[in-house]
Amino acid sequence: TKYARKTLHIVEDMPGSPYRYITIMKNLCGSLLKLKDFKEVSSCIVELRHFANKLDQSKWKGAYHSAVIMAYQIELALYFNSSSFHLIPTLVNDIEDNMRSFSKTIQMTELTDMKYNIAHGLFINKDYQRSLKWISDILNQPRSKFREDFFASSQVIFFLIHFEIGN
């Protein structure tokens with residue numbers, strides 16, 4: 001955590017690729033989540049969004065999208081780790097509004113990871129219809145395009161949803 005903070009401080013004002021900052025912020029937040037420092041994770045999410053908004057989108061459109069998506073991913077992880085499951089549906093509404101503009105520039109692994117976390121969060125909130133939409137989206141992708149563990153976990157949630165809705 002100390003190393004990530006120091007590295008983040010060094011690269012945040014450095015010219016060059018913004019992807020370094022995004023990756024270091026992701027690593028820092030992962031470490032903070034393990035330490036259950038939810039307050040600092042919340043601050044990092046705000047910082048990451050601020051960083052994204054400062055990017056020159058004519059030059060760094062992909063980095064902007066990566067930073068925004070990473071902020072969403074970290075926020076989802078924060079809600080899971082802090083047991084704030086009730087906040088997930090509102091976040092998903094925001095994600096859904098923004099996904100239309102990002103869907104063509106997000107890496108497939110990031111997109112699948114996000115879809116799975118959304119489906120899982122909605123399932124926990126018993127929003128089975130919306131969860132089923134996200135899970136079906138994952139399961140309808142060509143299997144060669146994403147990791148086997150995502151596919152297997154998605155199938156489990158798919159069957160649980162159908163059980164819960166009485167199919």
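Along the sequence shown, residues are numbered consecutively beginning with 1. What you see is a predicted model; the values in this text were computed from it and never measured. What you see below is based on every heavy atom in this structure, not just the backbone, and it leaves out hydrogens, waters and symmetry mates.
- Partners of His162 according to the ring-ring contact (aromatic ring centres under 6.0 Å, His included) rule, which considers only residues two or more places apart in sequence or in another chain, are Phe158.
- Using a 4.0 Å cut-off between a side-chain N of Lys or Arg and a carboxylate O of Asp or Glu, Asp127 and Arg130 qualify as a salt bridge.
- In this structure, Asn125 contributes its side chain and Gly121 its backbone to a donor-acceptor pair below 3.5 Å.
- To the nearest 0.5 Å, atoms NE2 (His50) and CG (Leu55) are separated by 10.5 Å.
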Inset, instruction - Kindly determine whether Tyr72 and Asp94 satisfy side-chain hydrogen bond (donor to acceptor under 3.5 Å, both in side chains), including the steps that lead there. - result: CA-CA 9 Å; Tyr72 283 137; Asp94 193 33; 3.0 Å; yes
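- Under the rule for a side-chain contact (heavy atoms from CB on, under 4.5 Å), the partners of Ser153 that lie at least two apart in sequence or sit in another chain are Tyr116.
- For Tyr79, the ring-ring contact (aromatic ring centres under 6.0 Å, His included) test picks out no residue, with sequence neighbours left out.
- Residues Arg49 and Val46 have side chains not in contact (no heavy-atom distance under 4.5 Å, counting atoms from C-beta outward).
- Between Met70 and Met25, the closest side-chain pair of non-hydrogen atoms is not below 4.5 Å.
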All N/O donor-acceptor pairs, side-chain side in residues 132-139, below 3.5 Å, sequence neighbours left out:
from: Trp134; atom 1: NE1; to: Glu96; atom 2: OE2; distance (Å): 3.4
from: Ser136; atom 1: OG; to: Leu132; atom 2: O; distance (Å): 2.9
from: Asp137; atom 1: OD2; to: Lys115; atom 2: NZ; distance (Å): 2.5

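- A perpendicular orientation is assigned to the rings of Trp60 and Tyr19, their planes being inclined by more than 60° (bins at 30° and 60°).
- The shortest side-chain heavy-atom distance between Ile157 and Ser131 falls under the 4.5 Å cut-off.
- Here the OG1 atom belonging to Thr1 is positioned 10.5 Å from the CG atom belonging to Asn27, to the nearest 0.5 angstrom.
- Partners of Glu40 according to the salt bridge (Lys or Arg N to Asp or Glu O under 4.0 Å) rule, which considers only residues two or more places apart in sequence or in another chain, are Arg5.
- Under a 3.5 Å cut-off, the side chain of Ser82 and the backbone N or O of Leu78 do form a donor-acceptor pair.
- Every residue meeting the ring-ring contact (aromatic ring centres under 6.0 Å, His included) condition with Tyr21, not counting sequence neighbours, appears here in chain and number order: Phe51.
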